[in-house]
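Beneath this line is the structure, given in structure tokens, with notes to follow.
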Amino acid sequence: MSPGTASVATMLQTVAIRGYRSLRELVVPLRRLTVVTGANGTGKSSLYRALRLLADCGRGEVIGSFAREGGVASALWAGPEHLGGARRTGTAEGGPRTRSVSIELGYASDDFGYLVDLGLPQAKETAFGRDPEVKREVIFSGPAARRATTLVRRTRGYVEVAADAGHGFDELVRDLPAHRSVLADWAGAAPELVMVRERLRDWRFYDGFRADTQAPSRRPQVGTRTPVLADDGADLAAAVQTIIETGTDDLARAVADAFDGATVSVAVNDGLFDLQLHQRGMLRSLRSAEISDGTLRFLLWAAALLSPQPPSLMVLNEPETSLHPELVRPLAALIASAATRTQLIVVTHSPTLRECLGAAPLGSEDSDAWELELYKDWGETRIAEQGLLTTPPWDWGTR
């Protein structure tokens, strides 16, 4: 199944994060398009980073990603394990813990779900004290990881796979290193492991784009067929040429609508690809090094959103940043169109972008687009208006 086909056939229903920064325990319902908003400091960036860490599990990079954040200890929820007492008394106080100190990340989808539990290192004498250890991993079917729906389970170094006909579990490995994920080392052992790993690797994240004079997208680059734009936009010209050669006119229409009839093309010299923008009234095209910052950023977003091979999930972090207000509506049109081909999570501050996307309030059953507003309560990130009926089923399990 190609990534493009997978993006239409399957969709994430839930993302769950526990113990990461301000995300003490957040279970997020998702639609085809999910718009995440909220005031500064409410946890939008933490949610974005948690999603990236979850994707890194599929790439075998999550340990290094945590180390670069300062280690798992610095990324842990800093408040008390429970906040009920603080909300009753007005005073936050620590107390005896009822579960292990950990960061847990997971998702549930139309096919398989995944949960990983990352904890503090146990080795007392090591130079790698910032590295978290993988304490537990679960792959399951359905909306939550319960025993009857578990397909693969890992507790510390011991990994088991569900036996045929539901007759218990068969041992897969008993000494998997704590710094390795079962997705990285044993994906070939079961088809569900392969599917979860490839889904996570397929996710794409775009967190703004550089447009300064040294930005990678401003320099001619060796070009190869590029169906998916790189996260730094370095292969912009090759991505644009790939879109052009698909024969669709979506990119041409988006550029013309955004820039008063402008056209975009790619010059190729000795294998080096360079973007060209021709505007009405100009005697020559502008090279990528000459394009204005806002225009270049819009072209980067257009190349990402018009991917001929859309990923199963695309996460955009404040795409309106540094765009001229007149470009926000064309950007929203690109996002809305992309949401018909792939699942999108858009983190935004922009009232205009939110208005143009027209996402319905949380819980609107007849809408494929929901808007989730984050807020802080005693340092904890929560979703406004979320209650029992709008919180997806989720089971964290135990070590």
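For this chain, numbers begin at 1 and follow the sequence in order.
Cation-pi geometry between R49 and Y20 is not satisfied (NZ or CZ under 6.0 Å from the ring centre, within 45° of the ring normal).
Other residues, nucleotides and ligands contribute over 12 non-hydrogen atoms within 6.0 Å of the CZ atom of R59.
Annotation: ring pair (Phe, Tyr, Trp, His ring centres under 6.0 Å) contacts involving residues 281-303, sequence neighbours excluded, comprise F209-W301, F259-F298.
Side-chain N/O atoms of E25 and W396 include a donor and acceptor closer than 3.5 Å. For the residue pair T295 and S292, a side-chain donor N or O sits within less than 3.5 Å of a side-chain acceptor on the partner.
With D231 as the partner, the salt bridge (Lys or Arg N to Asp or Glu O under 4.0 Å) test is satisfied by one option alone out of R210, R204, R52: R52. Test V347, T348, I335 against L316 for side-chain contact (heavy atoms from CB on, under 4.5 Å) and you get one pass: I335.
Residue L327 comes nearest to G294 through the heavy atom pair CD1-O, 4.0 Å, listed as atom of the first residue, atom of the second, then distance.
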Q. Run the side-chain contact (heavy atoms from CB on, under 4.5 Å) check on L53 and F66 step by step: do they pass?
A. CA-CA 8 Å; L53 288 168; F66 267 110; 3.7 Å; yes
Q: Decide side-chain contact (heavy atoms from CB on, under 4.5 Å) for D366 and S364; before the verdict, give the C-alpha distance in whole Å, the side-chain angles of both, and the deciding distance to 0.1 Å.
A: CA-CA 6 Å; D366 58 348; S364 302; 4.1 Å; yes
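Residues meeting the salt bridge (charged side-chain N to carboxylate O under 4.0 Å, His left out) test with E198, sequence neighbours left out: R201.
Centroid-to-centroid, the aromatic rings of W203 and Y107 come within less than 6.0 Å.
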